[in-house]
Number of protein chains: 2
Amino acid sequence: MDTGLGDCRARENLDRIGDKWSLYLIALLAEGTKRFSRLKREAEGISQRMLTVTLRGLERDGIVTRTMYPVMPPRVEYALTDLGRDLLAAVTPFIAWCEAHVPEIEAAREEYDTRTEQEAAAFE
Amino acid sequence: MDTGLGDCRARENLDRIGDKWSLYLIALLAEGTKRFSRLKREAEGISQRMLTVTLRGLERDGIVTRTMYPVMPPRVEYALTDLGRDLLAAVTPFIAWCEAHVPEIEAAREEYDTRTEQEAAAFE
DNA sequence: CTGCATCCTCCATGATACTG
DNA sequence: CAGTATCATGGAGGATGCAG
């Protein structure tokens with residue numbers, strides 16, 4: 001089975017998704033065009049700085065568009081591009097997988113942790 | 001569109017994939033059971049430490065199995081679990097997306113960079 | 001061969017304060 | 001409102017040496 005992951009390029013793009021906020025913001029923008037302040041509110045826990053930085057990266061990659069209205073106070077709107085929507089669609093199966101297997105994974109972790117603890121104890 | 005990403009759990013699992021080596025190793029193991037030294041060879045650029053650390057994490061999450069043969073010299077084999085194979089299948093669309101859109105993304109980056117450079121120059 | 005311990009570096013992220 | 005600038009920091013990851 002060749003997954004194409006040996007290819008450096010696929011791994012580079014993982015970074016676009018793998019950071020802390022990108023996918024989250026993409027998901028929020030999938031609901032429609034939103035302003036900076038709204039994203040700030042809805043992306044729980046994000047700092048202003050990381051919101052700016054992450055949006056810049058997404059804009060640079062052609063995943064979101066940034067529209068600035070020269071009014072006072074400023075108004076800036078962000079929206080997903082077609083590329084961005086495609087991306088989200090491609091990641092959806094993974095998101096579904098996560099939700100489906102969360103209990104399984106947590107169980108595996110607990111089982112692993114208790115098992116290794118016992119081994120550590122037996123070592124005494 | 002609800003992507004389920006607001007859910008903290010989905011974002012936690014992104015970490016399992018989003019790190020530097022996990023998905024790479026999963027892809028390599030999709031080709032079949034492999035020994036530590038072989039993974040070390042095939043995962044180009046990985047350090048011994050990160051190979052160990054990453055495999056431990058995957059084992060803990062129930063994504064790979066670790067089988068140790070008590071011989072001299074040691075022989076340890078890693079293999080994907082069913083859960084791991086499921087995971088890889090779920091991520092495949094994303095990998096395909098990456099390969100399909102690499103040129104598009106690189107073009108967007110260049111366009112963005114030259115555009116912002118011009119704006120910076122115009123600011124002088 | 002496989003893997004742990006140690007040390008070290010760098011970068012992603014966060015906190016805070018300031019600005020058009 | 002939507003940023004930018006600055007500083008601080010934790011943790012990911014790499015290098016190296018040792019061990020069973």
Side-chain angles (χ1 to χ4, degrees), chain A residues 8 11-25 28-29 33-61 64-79 112 115-117 119-120 122-123, chain B residues 8 11-25 28-29 33-61 64-79 112 116 119-120 122-123:
Chain A
C8 294
R11 297 179 65 212
E12 281 168 22
N13 282 286
L14 185 60
D15 297 345
R16 170 78 297 138
I17 296 294
D19 67 11
K20 194 169 176 182
W21 298 107
S22 288
L23 196 51
Y24 196 4
L25 292 179
L28 287 175
L29 287 173
T33 300
K34 291 182 182 179
R35 297 182 56 174
F36 185 90
S37 52
R38 182 159 173 212
L39 287 171
K40 174 91 172 61
R41 244 181 301 121
E42 294 185 356
E44 247 174 289
I46 199 170
S47 65
Q48 203 162 42
R49 175 186 148 75
M50 285 317 296
L51 180 54
T52 301
V53 169
T54 306
L55 285 172
R56 283 286 181 286
L58 292 172
E59 186 198 358
R60 186 168 107 100
D61 285 1
V64 308
T65 58
R66 177 174 181 273
T67 312
M68 210 180 130
Y69 299 91
V71 297
M72 202 45 195
R75 174 188 184 88
V76 181
E77 289 185 347
Y78 292 90
Y112 180 92
R115 177 156 48 90
T116 51
E117 271 170 31
E119 282 165 14
F123 183 70
Chain B
C8 294
R11 296 180 67 212
E12 279 168 24
N13 282 285
L14 185 59
D15 298 345
R16 170 79 293 139
I17 296 293
D19 67 10
K20 196 169 177 182
W21 299 107
S22 287
L23 195 50
Y24 196 3
L25 292 180
L28 287 175
L29 286 174
T33 299
K34 292 182 181 177
R35 297 182 56 175
F36 185 89
S37 51
R38 182 162 173 206
L39 287 171
K40 175 89 174 62
R41 243 182 302 120
E42 295 185 354
E44 249 174 289
I46 200 171
S47 66
Q48 207 162 45
R49 174 187 145 78
M50 285 318 296
L51 181 54
T52 302
V53 169
T54 305
L55 285 171
R56 283 286 179 286
L58 292 172
E59 186 196 0
R60 187 168 104 101
D61 286 0
V64 307
T65 57
R66 177 173 181 274
T67 312
M68 209 181 132
Y69 300 91
V71 296
M72 206 40 200
R75 174 190 185 88
V76 181
E77 289 184 345
Y78 292 90
Y112 179 91
T116 50
E119 281 164 14
F123 183 69

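Residue numbering restarts at 1 for every chain, and letters A, B, ... go by the order of the sequence lines. Everything numeric here is computed off the predicted structure, so don't read it as measured data.
- Distance CG (Leu51(B)) to P (dC1(C)): 14 Å, rounded to an integer number of Å.
- In this structure, the separation between OG1 on Thr54(B) and NZ on Lys20(B) is 10.0 Å, given to the nearest 0.5 Å.
- We find that CG of Leu55(A) is positioned 11 Å from C1' of dA2(D), with the value rounded to whole Å.
- Spacing between atom NZ of Lys40(A) and atom C1' of dG3(D) amounts to 12 Å, rounded to whole angstrom units.
- Between Arg41(A) atom CZ and Ile46(A) atom CD1 the span is 13.5 Å, to the nearest 0.5 Å.
- Using a distance-only test at 3.5 Å, with no hydrogens or angles considered, no donor-acceptor pair links the side chain of Lys40(A) to the main chain of Leu51(A).
- Atom pair Leu39(A):CG and dC1(D):P shows a separation of 14 Å (rounding to whole Å applied).
- Separating the CG atom of Asp15(B) from the C1' atom of dT13(C) is a distance of 13 Å, rounded to the nearest angstrom.
- Contact annotation: Arg56(A) reaches the phosphate of dT4(D) (side-chain N/O to OP1 or OP2, under 4.0 Å).
- Arg35(B) places its CZ atom 10 Å from the P atom of dG3(C), with the value rounded to the nearest Å.
- Here the P atom of nucleotide dC1(C) and the CZ atom of Arg41(B) are 9 Å apart, to the nearest Å.
- Residues Tyr24(A) and Glu44(A) share a closest heavy-atom pair of OH-N, 3.6 Å.
- The line from OG1 of Thr67(B) to CZ of Arg35(B) is 12.0 Å long, rounded to the nearest 0.5 Å.
- A heavy atom lying under 4.0 Å from DNA chain C marks none of the residues of residues 64-73 of chain A.
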For nucleotides 11-13 of chain D, list the nitrogen or oxygen atoms of the protein found under 3.5 Å from its nitrogen or oxygen atoms, one pair per line.
from    : atom 1 : to       : atom 2 : distance (Å)
dG13(D) : OP1    : Lys20(B) : N      : 3.1
dG13(D) : N7     : Arg49(B) : NH2    : 3.1

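- Of the candidates Arg75(A), Gln48(A), Glu77(A), Arg66(A), Phe36(A) forms a side chain to side chain contact (heavy atoms under 4.5 Å, CB included) with just one, namely Gln48(A).
- Rounded to the nearest 0.5 angstrom, Leu29(B) CG and Leu39(B) CG are separated by 5.0 Å.
- At dT2(C), one or more side-chain N or O atoms of Ser37(B) fall inside 4.0 Å of OP1 or OP2 (strictly under the cut-off).
- Under the 3.5 Å distance criterion, the side-chain polar atoms of Thr33(B) are left unmatched by any main-chain donor or acceptor of Ala79(B).
- Note: Leu14(A) CG to Ile17(A) CD1 = 8.0 Å, rounded to the nearest 0.5 Å.
- For the pair Tyr78(B) and Gln48(A), both in contact range of DNA chain C, the more 5′-proximal nearest nucleotide belongs to Tyr78(B).
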